[in-house]
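These numbers come from the heavy atoms of this one structure, side chains and all, not from hydrogens, waters or symmetry mates.
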Amino acid sequence: MRIARFVVDSDPMYGVIEGDEVTQIAGDPFFNGVQPTGQKFALDDVRLVAPIIPRSKIVCVGRNYADHVKELGNEVPASPLLFFKPNTSVVGPNEPVTLPSFSEEISYEAELAVVIGRICKDVPVEKVNDVIFGYTCANDLTARDAQRTDGQWARAKGWDGSCPLGPWIETELDTDNLRVTSRLDGETRQDGNTADMIWGIPELISYISEAFTLLPGDVILTGTPAGVGLVREGQRCEVEIEGIGTLQNVFRSH
């Protein structure tokens with residue numbers, strides 16, 4: 001099932017996408033379940049927005065693909081390397097991303113994102129599927145110059161617009177062997193597979209939930225394959241994940 005968040009006139013609402021139509025859902029599917037209202041819209045007549053604005057946090061995993069670790073000249077960490085993005089970093093599909101004034105080196109990173117569906121803590125690996133609502137595409141935009149100079153990653157990873165998400169949430173997906181690609185102005189830059197993750201999704205969510213209580217609507221970014229590079233004003237970046245779809249954003253100057 002594909003759960004989208006969309007706008008027709010003003011306020012965003014949730015809906016289920018089927019073919020070229022979206023059926024409105026009553027209320028919030030994270031708390032009310034998926035209850036179709038019967039109200040349908042043509043997909044071409046609505047504007048998709050970020051499928052989720054996380055309730056409390058976006059937890060990201062760095063250096064989770066060995067080829068990406070190698071291209072940046074880093075060592076494979078002994079355990080998952082975690083950092084946060086604030087919910088103000090989220091933008092939706094086809095929304096412009098404003099490049100931050102403090103950086104001259106913004107890099108794209110295509111990632112599979114996991115959306116949490118229920119409050120949880122200390123989740124055993126074998127129970128992780130019970131707490132997942134679904135999956136979406138993410139672009140972990142990074143200010144490389146700030147990442148080098150700041151000593152920690154809050155500014156480099158968390159600036160406004162640094163976390164495009166979308167285009168929708170896919171609730172049924174086998175994530176063991178999914179192609180993850182990025183394209184810059186139509187040219188393929190990253191072409192990886194979730195099978196190459198150092199830590200898989202069950203291990204990641206179990207590990208993360210040892211430290212943090214996860215809430216419905218929290219998002220986990222699972223790392224990026226090799227091929228990252230810089231973007232410039234006016235360029236278009238697409239993140240495509242097999243079984244989900246394509247997230248597209250254009251960059252503009254501050």
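Grouped with Val97 in one hydrophobic cluster are Val91, Leu99, Phe102, Ile106, Tyr108, Leu141, Trp159, Leu184, Val231, Phe251, the linkage being side-chain heavy-atom contacts under 4.5 Å among Ile, Leu, Val, Met, Phe, Trp and Tyr residues. Its side chain within the 4.5 Å cluster rule, Leu215 clusters with Ile119 among the Ile, Leu, Val, Met, Phe, Trp and Tyr residues.
Residues satisfying the ring-ring contact (aromatic ring centres under 6.0 Å, His included) test with Tyr207, not counting sequence neighbours, are none. Asp185 is linked by a side chain to side chain donor-acceptor pair (under 3.5 Å) to Gln235, counting only residues two or more places apart in sequence or in another chain. In this view, Trp153 and Phe83 satisfy the ring-ring contact (aromatic ring centres under 6.0 Å, His included) rule, not counting sequence neighbours. Residues satisfying the side chain to side chain donor-acceptor pair (under 3.5 Å) criterion with Ser182, sequence neighbours excluded, are Gln190. Evaluation of the side chain to side chain contact (heavy atoms under 4.5 Å, CB included) rule for Ala154 yields Gln152 as partners, not counting sequence neighbours.
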Would you please test Leu214 and Ile220 for side-chain contact (heavy atoms from CB on, under 4.5 Å) and show each step? CA-CA 10 Å; Leu214 297 174; Ile220 313 294; 4.2 Å; yes
Would Asp218 and Ile58 satisfy side-chain contact (heavy atoms from CB on, under 4.5 Å), going step by step from the backbone distance to the final call? CA-CA 6 Å; Asp218 281 352; Ile58 304 160; over 6 Å; no
Go through it in stages, so that I can follow the logic: the residues are Val16 and Ile3, the test is side-chain contact (heavy atoms from CB on, under 4.5 Å), and I'd like the CA-CA distance, side-chain angles, deciding distance and then a yes or no. CA-CA 5 Å; Val16 177; Ile3 306 292; 3.8 Å; yes
Does the pair Ile244 and Ile169 meet the rule for a side-chain contact (heavy atoms from CB on, under 4.5 Å), with working shown? CA-CA 8 Å; Ile244 301 177; Ile169 298 169; over 6 Å; no
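For Gln35, the CD atom counts as densely surrounded, since its 6.0 Å shell holds more than 12 non-hydrogen atoms of other residues, nucleotides or ligands. Within 6.0 Å of CZ on Arg232 lie no more than 12 heavy atoms contributed by other residues, nucleotides or ligands.
Hydrophobic clustering (ILVMFWY, side-chain heavy atoms < 4.5 Å, transitive): Val114 and Trp168 are in one cluster. Hydrophobic clustering keeps Val22 apart from Tyr14 (ILVMFWY residues linked when any side-chain heavy atoms are closer than 4.5 Å, directly or through intermediates). Under a hydrophobic clustering in which Ile, Leu, Val, Met, Phe, Trp and Tyr are joined whenever their side-chain heavy atoms come within less than 4.5 Å, directly or via other members, Phe84 and Trp199 fall into the same cluster. Using a 4.5 Å cut-off between side-chain heavy atoms of Ile, Leu, Val, Met, Phe, Trp and Tyr, with links allowed through other members, Leu221 and Ile52 fall into the same hydrophobic cluster.
With values rounded to the nearest 0.5 angstrom, Thr98 atom OG1 is found 10.0 Å from His254 atom NE2. Atoms CG and CD, on Asp191 and Glu240 in that order, are 10.0 Å from each other to the nearest 0.5 Å. Considering CD1 of Ile205 and CD1 of Ile132, their distance stands at 4.0 Å, rounded to 0.5 Å. Between the OG atom of Ser162 and the CD atom of Glu109 there is a distance of 10.5 Å, given to the nearest 0.5 Å. To the nearest 0.5 Å, atoms CG (Asn249) and SG (Cys237) are separated by 7.5 Å. The CD atom of Gln147 sits 8.5 Å away from the OG atom of Ser107 when rounded to the nearest 0.5 Å.
Between Asn177 and the options Asp196, Asn193, Thr194, a side-chain hydrogen bond (donor to acceptor under 3.5 Å, both in side chains) holds for only Asn193. Each of Leu204, Asn64, Thr222, Ile208 was compared with Pro80 under the side chain to side chain contact (heavy atoms under 4.5 Å, CB included) criterion, and only Leu204 meets it.
For Arg5 (side chain) and Ala50 (main-chain N/O), a donor-acceptor pair under 3.5 Å exists by modelled atom type.
Taking each heavy atom of Leu165 and Ala138 in turn, the nearest pair found is CD2-CB, 3.6 Å.
For the ring pair (Phe, Tyr, Trp, His ring centres under 6.0 Å) condition, the pairs that include at least one residue of residues 40-66, sequence neighbours left out, are Phe6-Phe41. Listed by first and then second residue, the salt bridge (charged side-chain N to carboxylate O under 4.0 Å, His left out) pairs that reach into residues 70-92 are Lys85-Asp140, sequence neighbours excluded. The salt bridge (charged side-chain N to carboxylate O under 4.0 Å, His left out) pairs that include a residue from residues 20-45 are Asp28-Arg55, where partners are two or more places apart or lie in different chains. Residue pairs meeting the ring pair (Phe, Tyr, Trp, His ring centres under 6.0 Å) criterion with at least one partner in residues 116-142, sequence neighbours excluded, are Phe30-Phe133.
With a 4.5 Å cut-off on side-chain heavy atoms, Ile241 and Glu111 do not count as touching. Val90 is listed as a side-chain neighbour of Pro54, based on a closest heavy-atom distance under 4.5 Å.
Salt bridge present: Arg148 and Glu105 bring a charged side-chain N and a carboxylate O closer than 4.0 Å.
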Result block: side-chain N/O donor-acceptor pairs under 3.5 angstrom for residues 120-131, not counting sequence neighbours:
unit_1: Lys121; atom_1: NZ; unit_2: Ser209; atom_2: O; d: 3.4
unit_1: Lys121; atom_1: NZ; unit_2: Glu210; atom_2: O; d: 2.8

